[in-house]
Amino acid sequence: MADLDLRALLDSHAGGSFDLHAKTVNPQFVRLLRTIGFDRSWARAEGAYFFDDRGERYLDMLGAFGMYNVGRNNPTVRRALEQALELDLPGRVQLGITALPSILAERLLAVAPPSVQKVLFTSSGTESVEAAIKLGRAATGRTRVVTADHAFHGLTLGSLSATAAGEFAGRFQPLVPGFTRVPWGDLDAIETELRSGDVALVMLEPIQGKGLNLPPAGYLEGVQAACRRHGTLFCVDEVQTGFGRTGKLFALEHWGLEPDLIPVAKSLSGGYVPSGALLLSDRVFDKVFDSLENALAHGSTFAPTDLAMAAGLATLHELAERDLVAHTARLGELLLERTRPLIDRFEVVKDVRGQGLLWAIEFGEPESGKRSWNLVEKAQKGLFSQLVVGPLFQKHRIMTQVAGHNLNVIKVLPPLVFSEADLDWFVGALEATLEDAQKLGRSAVSFALKLATAGAAASLRR
Ligand SMILES: Cc1ncc(COP(=O)(O)O)c(C=O)c1O
């Protein structure tokens with residue numbers, strides 16, 4: 001019997017993948033990619049680059065929403081996976097344990113704040129958030145969960161109830177009861193909610209991904225103190241900000257936070273295999289897993305797999321060996337230094353902000369050219385950003401994204417192996433693109449209106 005020949009299979013489908021995808025997976029997504037001109041055939045990837053089927057190199061400033069911190073197809077992680085396969089490891093025993101999960105758990109806890117002492121493995125970010133909600137409720141005997149406006153915590157029902165995204169949630173009602181959202185940055189609003197004594201947990205991203213909102217000074221520390229006073233658990237969602245993204249291994253280190261619950265995922269496995277975890281305090285763990293009867297009170301079939309554990313160990317190793325966290329802090333500062341002057345240079349640029357290699361640029365109505373701006377923005381709020389994202393991709397081969405519905409914000413989160421030369425590539429392309437986009441010429445306006453009519457712009461925001 002011959003083995004499956006993956007190369008031959010791919011070659012036999014060359015050029016036809018869009019039609020097959022439309023037929024068998026998601027025709028609307030294929031339509032969307034064709035409308036915005038992102039319908040490239042991707043051949044391979046390496047570090048911070050993609051290569052299309054013509055061998056053209058593209059700079060990946062999206063990092064698959066933060067999944068590839070150690071770079072696409074990282075060779076260290078790949079070798080660890082190869083070793084794991086060659087070892088014929090037992091895999092999931094279910095009624096038994098294997099060594100790798102506790103070894104990775106020990107390493108994670110060694111670099112996490114001292115407030116967490118246990119690791120519950122999952123297979124994704126949303127599962128880690130769901131675990132935080134479930135365990136938080138059981139541990140406190142309370143039902144309510146407080147989150148912030150503009151939050152993004154995932155798209156399964158519990159996480160969606162915590163996510164402040166009407167556009168994601170609207171058609172999926174009713175959501176899980178007991179969720180309250182308060183304005184981001186408003187400590188008094190959190191205090192008010194906590195006073196009722198029925199809030200199980202407050203869950204916040206340390207830096208909000210949607211729109212990229214940095215916390216006001218003292219906010220996160222204040223929330224943590226308020227939670228302690230009211231017997232409420234504090235959950236810091238590090239799914240996107242974890243593993244070096246912000247120039248610290250975990251973003252919570254910027255404020256010295258010590259939460260009870262820390263969901264992580266995305267880059268934990270170097271992007272090769274689905275993996276996530278909830279880091280939690282013994283206090284929470286012991287309340288939920290409190291007897292033999294409850295020894296398996298929460299979990300899922302796949303988590304943790306040996307491959308995910310091997311990849312996780314290799315990812316932590318790689319982050320440390322290559323000093324990627326310090327590299328990220330340095331390049332993040334350089335990126336801000338090089339792009340902050342754009343605020344003075346371009347009327348349309350209202351703000352540039354970021355932490356590490358989580359960076360965003362915000363646009364607003366310019367003094368001159370108001371008519372065209374209004375035409376574009378009336379068709380679809382936040383549409384101007386597409387006039388930057390589109391040319392960055394088409395002309396400069398750089399992939400970026402709009403940072404949320406109805407927002408004129410572009411966000412980038414490249415693999416942390418991003419170099420100074422890549423930074424030059426990005427900044428140069430951004431300057432050239434802004435020169436053109438700010439003019440809001442006839443062809444730009446008609447392209448924007450075409451996107452709005454097709455409904456494409458609205459669906460591109462995440
Ligand atoms: C802060 C945050 N939490 C949770 C999630 C959900 O993670 P996943 O897409 O792996 O379910 C995301 C995904 O973008 C996220 O950014």
Side-chain angles (χ1 to χ4, degrees), residues 61-69 120-134 136 145 147-165 167-169 172 175-176 179 181 184 201-215 220 234-246 250-252 254 257 259 261-279 300 302-305 308 311-312 315 354-360 400-405 407 409 411-415 460-462:
M61 295 296 286
L62 254 189
F65 303 134
M67 197 171 122
Y68 288 107
N69 285 9
L120 187 151
F121 286 106
T122 69
S123 302
S124 68
T126 197
E127 271 185 67
S128 306
V129 168
E130 296 280 352
I133 296 167
K134 273 184 69 181
V145 179
T147 63
D149 287 346
H150 320 295
F152 189 90
H153 296 292
L155 296 180
T156 54
L157 267 184
S159 306
L160 186 60
S161 308
T163 289
E167 64 278 3
F168 284 123
F172 304 103
L175 300 182
V176 179
F179 285 75
R181 280 190 299 276
W184 167 253
L201 62 138
V202 172
M203 177 157 56
L204 298 174
E205 296 151 86
I207 297 171
Q208 289 194 318
K210 198 176 163 233
L212 212 156
N213 301 316
L214 295 158
L220 295 170
F234 184 35
C235 173
V236 175
D237 181 346
E238 290 268 7
V239 169
Q240 187 159 85
T241 49
F243 305 111
R245 170 59 50 200
T246 68
F250 295 109
L252 52 77
H254 291 289
L257 302 174
L261 301 158
I262 311 172
V264 297
K266 293 203 191 267
S267 279
L268 173 59
S269 76
Y272 278 99
V273 279
S275 183
L278 175 67
L279 315 186
S300 74
F302 268 97
T305 66
T315 298
Q355 185 87 57
L357 287 173
L358 187 57
W359 173 99
T400 56
Q401 72 164 143
V402 180
H405 286 249
L407 291 178
V409 180
K411 173 172 108 176
V412 304
L413 55 167
L460 280 171
R461 294 130 203 273
R462 190 184 153 138

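Numbering of ligands and ligand atoms starts at 1, following listing order.
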Practice task
Say whether E127 and ligand 1 are in contact under the criterion: heavy-atom distance to a ligand atom below 4.0 Å.
Solution key: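 Contact check E127 vs ligand 1: negative.
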Exercise for the section: Report yes or no: does a heavy atom of F65 sit under 4.0 Å from some atom of ligand 1? Expected result: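 False for this residue.
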Exercise for the section: Answer yes or no: does an N/O atom from V129 fall short of 3.5 Å to an N/O atom of ligand 1? Expected result: no
Handout entry: Distance-only N or O hit between ligand 1 and E205, under 3.5 Å
Key =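 No, there is no polar N/O contact under 3.5 Å.
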Practice task
May I ask you to test the P215-W184 pair for a side-chain heavy-atom distance under 4.5 Å?
Solution key: yes
Problem - Beyond-backbone contact of F172 with L155, side-chain heavy atoms, under 4.5 angstrom - result: no
Handout entry: Within reach of ligand 1, part of V239 (heavy-atom separation under 4.0 Å)
Key = side chain
Problem - Numbering as shown, the atoms of ligand 1 that approach D237 to under 4.0 Å (heavy-atom distance) - result: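 Answer for ligand 1: 1 (C), 2 (C), 3 (N), 4 (C).
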Problem - Any donor-acceptor pair under 3.5 Å from H150 side chain to L212 backbone - result: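 Checked: no pair found.
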Exercise for the section: Keeping the roles fixed (side chain from R245, backbone from S267), state whether a donor-acceptor pair exists under 3.5 Å. Expected result: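 Here the side-chain-to-backbone pair does not exist.
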Fill in the blank from the handout: To the nearest 0.5 Å, atom OG1 of T147 lies from atom NE2 of H153 at 5.5 Å
